[in-house]
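Following: one structure in structure tokens, then a few remarks.
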Amino acid sequence: MRSIPPARRRVLLAAAGLCLSAVLGAAHAAEPLKAVASFSILGDIVREVGGSDISLATLVGPDGDAHEYEPTPGDAKKLSAASVLFVNGLDFETWMSRLAKSSGFSGLTVVASKGVTPRKFAAHAGGHGHDDGDHDHDHDHDDDHDHDHDHGHHHGDADPHAWQNLANGVIYARNVAEGLAAADPARAQAYRQRAQAYIARLQALDASVRATFSAIPADRRKVVTSHDAFGYFGDAYGVAFIPAMGVSTDAEPSAGEVARIIEQVKRERVPAVFVENISSPRLVQQIARETGAKVGGTLYSDALSKPGQPGATYLEMFEWNVRQLAAALQP
Ligand SMILES: [Zn+2]
């Protein structure tokens, strides 16, 4: 280099720079779209629809509890690099808006549950939020509480666990496809085609789940679970879920509430209780001990299992849950 005059050197360096940016530009055209999903179940749906056209980061991973999540600096980094963010909505990810703001995320946010008919929380023995008074809303008016309920509790009036009905999973897949298409119009057709094939699988499973439960006598279709995550499942497939803990995973029921659940399990001859992959089994095991109901196993409620375990995808977790429930409820 010593023999090249400085002016000539600058020209050479500039040419090299041009070359480099031309290469980068070419690579950019085929680069996967950077997407982030808030939690593992939604992440799996995004992965199915996005295929190899996206590179996906999921924030709350397998067996993780998205109700009680503390975002990390790594999450902010993933988000700041992403073009599109997928969230459940229905006040599930109460930590997301702060994270998105602090990360400087400037891409498209897609609410996967958009268009779902929200289920309101029913009052039940294991009532939620009894300790903070935030839930004493007047329920005799029917307006859509769609204003921001961000005053310190963990959910709004709508039940966020909409993915527990496969018909809602179909809505999620459609919203994901349209979100990816909007963020990356050049590959819109690929996203829509993958979504269509995936939706056919969701619908086939939905039909088989309906058949499974309709073959079980209605008075046997009752179970106790840890937190109130299966309301949409219960409404869709005709199973009564009695949650021991209420809607979020942080509300410990009082001794009196536990006693009421135990009473109900005995009175209604509830055949089985289930633990969940995201919450402590202690309370459910206590209810089983004191009532003689059998412990039916583990259900995947708000998160997938780790790879290699039975609920590693949305479809697999659904099939697993149905198999466990049906086996425990069969007369
Ligand atoms: Zn939950």
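Index from 1, following the sequence. From a predicted model like this one, the values you see are computed outputs, not experimental measurements. Read the numbers this way: they start at 1 and go in the same order the structure lists the ligands and their atoms.
- Screening residues 71-89 for side chain to side chain donor-acceptor pair (under 3.5 Å) gives Tyr69-Asp75, Thr72-Asp75, Asn88-Tyr172 as the qualifying pairs, with residues at least two apart or on separate chains.
- Of all the N, O or S atoms in Asp302, the one closest to the Zn ion (ligand 1) is OD2.
- Within the coordination shell of the Zn ion (ligand 1), defined by N, O or S atoms under 2.8 Å, Asp228 is absent.
- In terms of the ring pair (Phe, Tyr, Trp, His ring centres under 6.0 Å) criterion, residue partners of Phe241 (sequence neighbours excluded) are, by chain and number, Phe230, Phe233.
- In summary, the aromatic rings of Phe92 and Phe39 are positioned with their centroids under 6.0 Å apart.
- The NE2 atom of His161 and the NE2 atom of His67 meet at the Zn ion (ligand 1) at an angle of about 110°, given to 10°.
- A donor atom on one side chain and an acceptor atom on the other are found under 3.5 Å apart for His161 and Asp159.
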